[in-house]
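The chain is numbered in sequence order, starting from 1. Read the numbers this way: they start at 1 and go in the same order the structure lists the ligands and their atoms. Note that this is a predicted model, so its numbers are computed, not measured.
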Amino acid sequence: MTFDIVTIFPAMVDAVVAAGILGRAIERGTLDVKVRDLRDYTTDRHRVVDDVPYGGGPGMVLKPEPIFRALDAIEAERGTPLTVVLTSPQGARFTHAAARRLSGVGHLVLLCGRYEGFDDRVRARVTQEVSIGDYVLTGGELPALVVLDAVARLMPGVVGDERSVAEDSFARGLLDFPQFTRPAEVRTSGGHTVRVPDVLLSGNHAEIRRWRKREALSRTLERRPDLLADAELDEEERDILKELRHGSD
Ligand code: 9D3
């Protein structure tokens, strides 16, 4: 899968993309990410990408022509038509379901917002506008990287072990069960020891599976009951959930 990311801070995007699982996928050729400096698509000597808002008010607005020139260049290089994702606080909330839909598109353009946002006329070239949540950031680079990360890891071969993608908590609609690693006992700073639950050391895999289901369900019920409305539960999980709900009556 191929991504073109258009930004006024290419170094910020480059650094993230080079690290970790995405960096390795790029080295292997499973993933292709081209980071483009919006200033490269200006035509004036000072490479200006922003201007004052018509009608007045604070802050600056991203000029439309550099964005149009960038999209024209990408279109000429990649072939038409483009799927263009614009990051903005006005966008629809980006969810795992949205990531899954986008992972079916072979090529994506991500436009990173800055300042007070884009000249509204660029929206004529935009397929979808996304926000990553209800908090105010300084720009769209981190949101674009969130979209890249969430979409890219769904592509076959990007994440080493396909099971971690399939068993993904949001893929199933449940939170993860608790994880432990060695040692089986560890001394806390408070001076007492905390042990790994015995069931995980028992070697009884049927019991371990059931314990994990119960933990995942009780955590979800406690922390994110909203997820249970759309969760895909098997019969055993529905039974455990019924028990857990009766327990809190
Ligand atoms: C809604 C706030 N705006 C009111 C004047 C100003 C403004 C604040 C921050 C305009 C743009 C930004 C920069 N944020 C993004 O570009 C952004 C964003 C975000 O701030 N939160 C969650 N998702 C996203 S996606 C892009």
Side-chain angles (χ1 to χ4, degrees), residues 1-22 31 33-42 47-71 74 82-105 107-155 168-171 223-224 226-227:
M1 181 162 184
T2 308
F3 292 82
D4 283 288
I5 306 184
V6 181
T7 171
I8 63 167
F9 293 116
M12 180 179 175
V13 177
D14 278 333
V16 174
V17 158
I21 289 172
L22 296 188
L31 182 66
V33 180
K34 186 156 184 180
V35 182
R36 299 176 187 257
D37 188 340
L38 183 61
R39 290 187 199 284
D40 291 345
Y41 300 95
T42 56
R47 305 187 2 124
V48 174
V49 293
D50 61 334
D51 204 342
V52 295
Y54 272 120
M60 301 292 274
V61 174
L62 283 168
K63 291 167 65 61
E65 302 102 306
I67 309 259
F68 286 139
R69 284 171 53 85
L71 291 174
I74 296 167
L82 298 178
T83 302
V84 179
V85 176
L86 177 144
T87 60
S88 103
Q90 284 75 51
R93 176 71 63 83
F94 181 68
T95 60
H96 194 69
R100 215 181 277 136
R101 282 192 293 276
L102 288 174
S103 72
V105 177
H107 170 243
L108 280 183
V109 180
L110 300 175
L111 295 179
C112 306
R114 274 282 152 179
Y115 313 116
E116 292 305 298
F118 297 88
D119 181 300
D120 208 67
R121 290 168 290 185
V122 308
R123 290 186 167 84
R125 301 278 296 269
V126 166
T127 314
Q128 53 187 295
E129 187 167 342
V130 302
S131 161
I132 60 163
D134 295 340
Y135 32 80
V136 181
L137 302 171
T138 56
E141 281 73 14
L142 292 172
L145 287 164
V146 165
V147 172
L148 167 68
D149 195 274
V151 173
R153 69 181 287 289
L154 295 175
M155 304 310 298
D168 229 334
S169 68
F170 286 110
R223 303 180 192 183
R224 292 295 307 277
D226 58 298
L227 293 178

Can you find a non-hydrogen atom of Gly91 under 4.0 Å from ligand 1? no
>> Check for me whether Tyr115 has a heavy atom closer than 4.0 Å to any atom of ligand 1.
In response: yes
| query | Side chain of Thr42, backbone of Pro66: donor and acceptor closer than 3.5 Å? | reply | no
For Ser103 and Leu154 the tightest heavy-atom approach is CB-CB, 4.0 Å
From the list Val85, Val84, Ile67, Val109, side chain to side chain contact (heavy atoms under 4.5 Å, CB included) with Val126 holds only for Val84
* Can you tell if the side chain of Leu148 reaches within under 4.5 Å of the side chain of Val16, non-hydrogen atoms only? -> no
Ranked by distance from atom 13 (C) of ligand 1, the top protein heavy atom is Leu137 O, 3.3 Å
The side chain to side chain contact (heavy atoms under 4.5 Å, CB included) partner of Leu38 among Thr7, Leu62, Leu111 is Leu62
Counting from 1 in the order shown, the ligand 1 atoms closer than 4.0 Å to a non-hydrogen atom of Pro143 are 24 (C), 25 (S), 26 (C)
What one should report as the nearest heavy-atom pair of Pro64 and Arg121 is CG-NH2, 3.9 Å
#### Entry: ligand 1 contact by Gly139, heavy-atom criterion under 4.0 angstrom
yes
If we number the atoms of ligand 1 from 1 as shown, the ones under 4.0 Å from a heavy atom of Ile132 are 22 (C), 23 (N)
Here the atoms of ligand 1 under 4.0 Å from any heavy atom belonging to Val136 are 8 (C), 9 (C), 20 (O)
Note: Ser88, heavy atoms under 4.0 Å from ligand 1, region reported as backbone
For this session: Check whether any N or O atom of Tyr135, backbone or side chain, sits under 3.5 Å from an N or O atom of ligand 1, and answer yes or no.
Result: yes
Closest to atom 22 (C) of ligand 1 among protein heavy atoms sits Gly133 O, 3.2 Å
Would atom 9 (C) of ligand 1 count as contacted, meaning some protein heavy atom under 4.0 Å? yes
Quick look: Val130 vs ligand 1, heavy-atom contacts under 4.0 Å, and the answer is backbone
Item to check | Worked check of salt bridge (Lys or Arg N to Asp or Glu O under 4.0 Å) between Arg93 and Asp134 | outcome: CA-CA 9 Å; Arg93 176 71 63 83; Asp134 295 340; 3.3 Å; yes
Treating Arg47 as the side-chain partner and Tyr41 as the backbone partner, does any N or O pair qualify as donor plus acceptor under 3.5 Å?
no
Contact between Asp40 and Arg69 at the side-chain level, heavy atoms closer than 4.5 Å - yes or no? no
The closest protein heavy-atom partner of atom 4 (C) of ligand 1 is Glu116 OE1, 4.3 Å
re atom 1 (C) of ligand 1, the protein heavy-atom contact at minimum distance is Pro89 CB, 3.8 Å
